[in-house]
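Before any comments, here is the structure.
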Amino acid sequence: SIPRTRENLGRLVADRSAVVNRIAQVREDLEEIKEQLGSKDDEEVHKLESARENKEIERNQLLIDEGSLSTQITNLETELRTLSSQIQSKQQMRVEAQRAQRRLERLSQVISLLEEILRLESEELRIELGREIERIYRSISLHDYKLQLTDQFTLRLTKLTPTDGGQVTVDVATSTGQRQIMSLVFIASLVALAKRRNEIPTILRDLQGGDYPLVMDSPFGAINEEYRANVSRHIPELAPQTIILVSSSQYSGDVERELGASNRVGRRYVLRYHAGTKRPDASDKVFIAGREISIYQQNDLEKTQILEVEL
């Protein structure tokens with residue numbers, strides 16, 4: 001730890017200072033011995049020489065000790081700098097961790113708020129969407145059924161059935177055609193809701209609505225003859241612009257008649273197939289508004305051409 005390292009460093013510095021002082025003292029003693037050598041007889045010279053050698057040995061050992069202490073001091077100073085750097089780094093990491101924790105807490109609060117707004121918005125719009133679904137389905141359905149939007153945003157088709165205790169609501173077993181109509185009603189309701197979005201009083205204010213087209217691919221394929229005319233009659237009212245992709249068999253008859261009577265058909269197109277041959281059972285013409293229109297043309301280059309039908 002840093003306190004223990006600092007304590008060891010202080011002790012070694014003191015020891016080195018003592019050694020340096022001792023070296024200085026030894027040097028002074030050596031100088032004094034040298035001065036005395038010049039004025040003594042042989043025996044005393046021998047003793048002084050011996051004393052000088054001992055002092056030199058002591059001095060050399062002290063120099064070694066000083067070098068060792070200096071190395072230890074250098075190592076401890078390096079260790080102290082390393083520990084200080086590590087502590088500073090960990091302190092910085094702790095500060096950053098605390099900052100990240102605060103950001104995470106704020107983000108969690110924002111997420112909770114957005115989830116609550118989404119829940120309230122979804123509930124309010126679910127009620128409005130449910131009303132649109134019931135309104136549009138009543139205008140299309142030929143039966144006394146009720147189409148409802150559940151809390152889980154699923155569609156439920158019900159009817160009232162008389163019993164001994166009165167009328168009860170029961171689920172209706174849906175056919176493929178019924179499910180096709182339910183899907184059509186759901187999508188048309190979304191388009192209608194989007195158009196008047198800014199008029200709906202929900203928790204989110206000042207949201208702009210918009211006009212969105214409704215594109216349907218073979219909407220009459222699974223619908224029986226009983227429903228085709230009624231659905232065709234109401235399709236132009238489902239969206240500001242409706243694009244319908246149908247086969248000639250689906251379009252002829254009630255569908256063509258009801259769409260024509262709506263005075264909402266702006267454009268009609270057919271697909272003309274170009275190829276060297278065609279299937280024997282494939283028709284090469286269709287009839288639209290009493291006009292015969294070719295939908296196959298022999299051509300070495302296979303392609304499909306989009307042709308507008310003049311009204």
Linking I/L/V/M/F/W/Y whenever their side-chain heavy atoms sit closer than 4.5 Å, directly or via other members, would V185 and V215 fall into one cluster? no
Verify the cluster assignment for Y269 and V265: are they in a single hydrophobic cluster under the rule of side-chain heavy atoms below 4.5 Å apart? no
Would you say [X] and [Y] make side-chain contact, with heavy atoms under 4.5 Å?
X: P240; Y: V191; answer: yes
X: L149; Y: F186; answer: yes
X: V286; Y: Y251; answer: no
X: R291; Y: V309; answer: yes
X: Q148; Y: T158; answer: yes
X: V170; Y: K159; answer: yes
X: L160; Y: D144; answer: no
X: R233; Y: I140; answer: no

E132/R135 under salt bridge (Lys or Arg N to Asp or Glu O under 4.0 Å): CA gap, chis, key distance, verdict: CA-CA 5 Å; E132 283 291 341; R135 180 186 66 81; 2.8 Å; yes
Ignoring hydrogens, what is the shortest heavy-atom contact between [X] and [Y]? Give both atom names and the distance.
X: I136; Y: S189; result: CD1-OG, 3.5 Å
X: R126; Y: T150; result: CD-O, 3.3 Å
X: E256; Y: F287; result: OE1-O, 4.3 Å
X: S232; Y: F220; result: OG-CE2, 3.3 Å
X: Q250; Y: P219; result: OE1-N, 4.2 Å
X: S139; Y: N230; result: O-ND2, 3.9 Å

Check the side chains of [Y] and [X] for a donor-acceptor pair under 3.5 angstrom, ignoring hydrogens and angles.
X: Y273; Y: Q305; answer: no
X: R279; Y: Y296; answer: no
X: Q92; Y: E96; answer: yes

Show your working on side-chain contact (heavy atoms from CB on, under 4.5 Å) between R119 and E115 and close with a plain yes or no. CA-CA 6 Å; R119 186 189 67 79; E115 288 176 344; over 6 Å; no
Under 3.5 Å donor-acceptor, [X] side chain and [Y] backbone:
X: R272; Y: L307; answer: no
X: R267; Y: E308; answer: no
X: S112; Y: S108; answer: yes

Would you compute the distance between atom [atom1] of [X] and atom [atom2] of [Y] and round it to the nearest 0.5 angstrom?
X: L147; Y: M182; atom1: CG; atom2: CE; value: 5.0 Å
X: K285; Y: S248; atom1: NZ; atom2: OG; value: 11.5 Å
X: K146; Y: R138; atom1: NZ; atom2: CZ; value: 8.0 Å
X: L238; Y: I187; atom1: CG; atom2: CD1; value: 10.5 Å
X: I293; Y: D284; atom1: CD1; atom2: CG; value: 13.0 Å
X: S262; Y: I235; atom1: OG; atom2: CD1; value: 10.0 Å

Going through the distances and angles, do H274 and E302 end up as a side-chain contact (heavy atoms from CB on, under 4.5 Å)? CA-CA 5 Å; H274 295 250; E302 186 176 10; over 6 Å; no
Any chance [atom1] of [X] has more than 12 other-residue heavy atoms, nucleotides or ligands included, within less than 6.0 Å?
X: I306; atom1: CD1; answer: no
X: E105; atom1: CD; answer: yes
X: K278; atom1: NZ; answer: yes
X: D300; atom1: CG; answer: no

Quick one, H143 with Q178, criterion side-chain contact (heavy atoms from CB on, under 4.5 Å). Give me CA distance, side-chain angles, the key distance, then yes/no. CA-CA 11 Å; H143 302 286; Q178 281 283 9; 4.3 Å; yes
Identified side-chain contact (heavy atoms from CB on, under 4.5 Å) partner of R257 from the options L259, D254, V255: D254
Can you sort out the partners of Q152 under side chain to side chain donor-acceptor pair (under 3.5 Å), two or more places apart, ordered by chain and number? none
Evaluate the criterion side-chain contact (heavy atoms from CB on, under 4.5 Å) for residue pair R268 and I288; output intermediate values, then yes/no. CA-CA 9 Å; R268 289 189 181 96; I288 298 178; 3.6 Å; yes
Lys/Arg-Asp/Glu bridge criterion (N-O < 4.0 Å) met for E134, R131: no
